[in-house]
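These values consider heavy atoms only, across backbone and side chains, with no hydrogens, waters or symmetry-generated copies. It should be emphasised that the depicted structure is a prediction, and the values quoted were computed from it without experimental measurement.
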Amino acid sequence: MTQVVTLSAPNAQDCVALAEIELCGELMIAAADALEDRLSPDRIDEVLNVGVETTEPVPTIPRQSRHRG
């Protein structure tokens, strides 16, 4: 007998986990591109868009498409 796995729509915890993974990815990309040994707190805030005031809605999951070649 063949087992069938059904995938349900992502729940809120899945969306949060995906967002956290994307943010970690953004930080790793920034760290790899950095000339210094560590990212400064200001650079981390910049990468994570902390304190940026905008009228645009904030996406649920950040995009990394701009980093891909």
Side-chain angles (χ1 to χ4, degrees):
M1 172 178 251
T2 303
Q3 290 183 336
V4 177
V5 177
T6 57
L7 300 175
S8 62
N11 61 31
Q13 289 177 336
D14 291 340
C15 291
V16 170
L18 288 173
E20 289 176 357
I21 291 167
E22 290 287 338
L23 291 172
C24 288
E26 295 289 339
L27 285 173
M28 287 190 283
I29 290 167
D33 290 341
L35 298 175
E36 60 275 358
D37 288 339
R38 294 176 180 237
L39 293 177
S40 69
D42 290 335
R43 179 66 179 129
I44 292 170
D45 288 349
E46 180 183 335
V47 170
L48 299 179
N49 293 321
V50 174
V52 175
E53 303 229 359
T54 180
T55 57
E56 296 178 23
V58 177
T60 305
I61 300 174
R63 296 181 306 269
Q64 287 188 345
S65 60
R66 67 184 178 277
H67 297 294
R68 295 187 179 132

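Rounding to the nearest 0.5 Å places CD of Glu26 at 10.0 Å from CE of Met28. How far CD1 of Ile44 is from CG of Leu27: 6.5 Å, rounded to the nearest 0.5 Å. In this structure, CD1 on Ile29 lies 11.5 Å from SG on Cys24, to the nearest 0.5 angstrom.
The side-chain contact (heavy atoms from CB on, under 4.5 Å) test applied to Glu36 returns Ala34, Leu39, not counting sequence neighbours.
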